[in-house]
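In what follows, chains are A, B, ... by sequence order, proteins preceding strands, each numbered from 1.
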Protein chains: 2
Amino acid sequence: MTKRLNQLVKKIDTSTEEKILAAAKKVFVRKGMSGARMQDIADEAGINKALLHYYFKNKEKLFEVIFVEAGNRLFPKINEIFNSDIPLFEKFEKFCDEYITMVMDNPYLPLFVLNEINQDPEMFLEKLWPNTAKPNPSKFLAQIEAEVKKGTIKKVSPMELLINLIINGCFPICC
Amino acid sequence: MTKRLNQLVKKIDTSTEEKILAAAKKVFVRKGMSGARMQDIADEAGINKALLHYYFKNKEKLFEVIFVEAGNRLFPKINEIFNSDIPLFEKFEKFCDEYITMVMDNPYLPLFVLNEINQDPEMFLEKLWPNTAKPNPSKFLAQIEAEVKKGTIKKVSPMELLINLIINGCFPICC
DNA sequence: ACTAATTTTGACTAAACGGTTAAACCAATT
DNA sequence: AATTGGTTTAACCGTTTAGTCAAAATTAGT
């Protein structure tokens with residue numbers, strides 16, 4: 001009786017791994033790698049600290065999972081959007097819409113990712129970049145060049161424009 | 001002989017306090033409060049770790065000095081510029097010029113300050129804000145309203161405009 | 001109901017870290 | 001030369017922290 005109930009509850013309840021990941025995300029994103037404590041994550045997940053090491057080898061591995069997930073959410077389908085065939089200004093709209101929505105749901109995410117990339121740029125290149133669809137800026141660049149020649153926009157560096165979009169999205173509403 | 005030489009060297013050499021502050025700035029700005037190690041700062045300054053506590057009571061106090069100094073450099077004379085009587089677009093130019101120059105000299109500063117404010121907003125309000133000339137946005141706001149009515153610029157929130165200027169300055173050249 | 005495998009825990013360890021202390025050092029004064 | 005006061009250091013201390021381990025609890029198969 002209780003067994004069947006437990007099984008049912010187990011299926012309904014979020015699994016331990018999911019609880020850990022949710023807790024780790026919350027703590028890491030808020031405090032950063034060096035500021036986060038394994039004990040805090042365990043408390044947040046409502047489990048024993050040793051269980052963290054049972055599911056994830058060590059702090060670094062657990063952080064890596066969160067960081068990669070956060071990065072893939074922050075730079076979601078930037079390339080998919082900007083490499084696609086839709087007109088440039090529709091790209092801006094689509095990007096801003098999706099991006100700002102995401103930032104509003106995860107306010108601390110951009111600063112977190114930006115900061116951790118700053119702390120350890122190699123990890124970004126090794127762990128995040130390979131998982132992302134590689135950029136093919138040629139199309140995006142060509143579209144910008146075209147608009148510049150038409151005179152619809154001023155001459156800008158495509159990369160700077162992208163960075164501006166990403167950075168400005170960090171503070172869509174606050175203050 | 002050596003005594004006189006030492007005296008001379010002592011006067012020529014930067015003082016210990018200056019060496020500590022320079023080292024602390026370098027380490028704190030790079031690694032953040034939680035990531036910085038007192039030993040690293042001591043090593044960077046080329047001194048014993050205990051000497052840090054001789055000049056500054058503890059890590060928190062030393063950090064505070066660096067944070068306040070960094071903040072006062074990052075938000076330098078924003079108010080002085082934006083409260084002044086010069087025309088709006090000259091304000092933009094002056095601000096961008098001074099600000100970007102500063103960021104180029106201290107690339108890690110904006111992200112550092114932004115991040116630490118995020119970690120402990122109260123410290124910002126208690127330690128940094130009081131040392132800054134209070135803002136008087138009314139003039140700035142009025143100027144923007146005027147330009148909007150003239151049609152020279154689109155309708156924007158003055159605060160958002162300021163934030164955009166500050167944030168965009170974080171990545172003036174890189175990438 | 002019994003057993004084996006999996007999951008979870010409390011207690012523990014070793015290292016890292018912030019901070020303290022007493023002694024050594026050094027220039028200036030007498 | 002001895003004394004004094006500010007400066008610097010090596011050694012040390014207590015706490016925190018990531019990580020370990022064996023035992024307990026739970027689950028799943030028979």
Nucleotide by nucleotide, nucleotides 17-23 of chain D touches protein heavy atoms under 4.0 Å in the pattern (B base, S sugar-phosphate only, - none) SBBBB--
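- When the side-chain nitrogen and oxygen atoms of A/Tyr54 are compared with OP1 and OP2 of C/dT7, one or more of them lie within a distance under 4.0 Å.
- Between B/Tyr108 and B/Phe112, the gap from one ring centroid to the other reaches at least 6.0 Å.
- At most 12 heavy atoms of other shown residues, nucleotides or ligands fall within 6.0 angstrom of atom CD in A/Glu60.
- Between B/Met123 and B/Ile117, every side-chain heavy-atom pair lies at or beyond the 4.5 Å cut-off.
- Contact annotation: B/Thr16 reaches the phosphate of D/dT8 (side-chain N/O to OP1 or OP2, under 4.0 Å).
- The distance between atom CD1 of A/Ile20 and atom P of C/dT7, rounded to the nearest whole Å, is 11 Å.
- Taking the ring centroids of B/Phe92 and B/Phe95, they lie at or beyond the 6.0 Å cut-off.
- The nearest whole Å value for the distance from the NZ atom in B/Lys61 to the P atom in C/dG19 is 12 Å.
- As judged by a 4.0 angstrom heavy-atom cut-off over every strand, B/Ile47 is placed among residues touching the sugar-phosphate backbone only.
- No engagement by A/Phe56 is indicated, since no non-hydrogen atom pair under 4.0 Å with the nucleic acid exists.
- Per the geometry, CG belonging to B/Leu51 stands 6 Å off C1' belonging to D/dT8, to the nearest Å.
- Each of B/Lys49, B/Lys19, B/Lys26, B/Lys25 was scored for a salt bridge (Lys or Arg N to Asp or Glu O under 4.0 Å) with B/Glu44, with one residue passing: B/Lys26.
- Counting heavy atoms from C-beta on, the side chains of A/Gln119 and A/Met33 never come closer than 4.5 Å.
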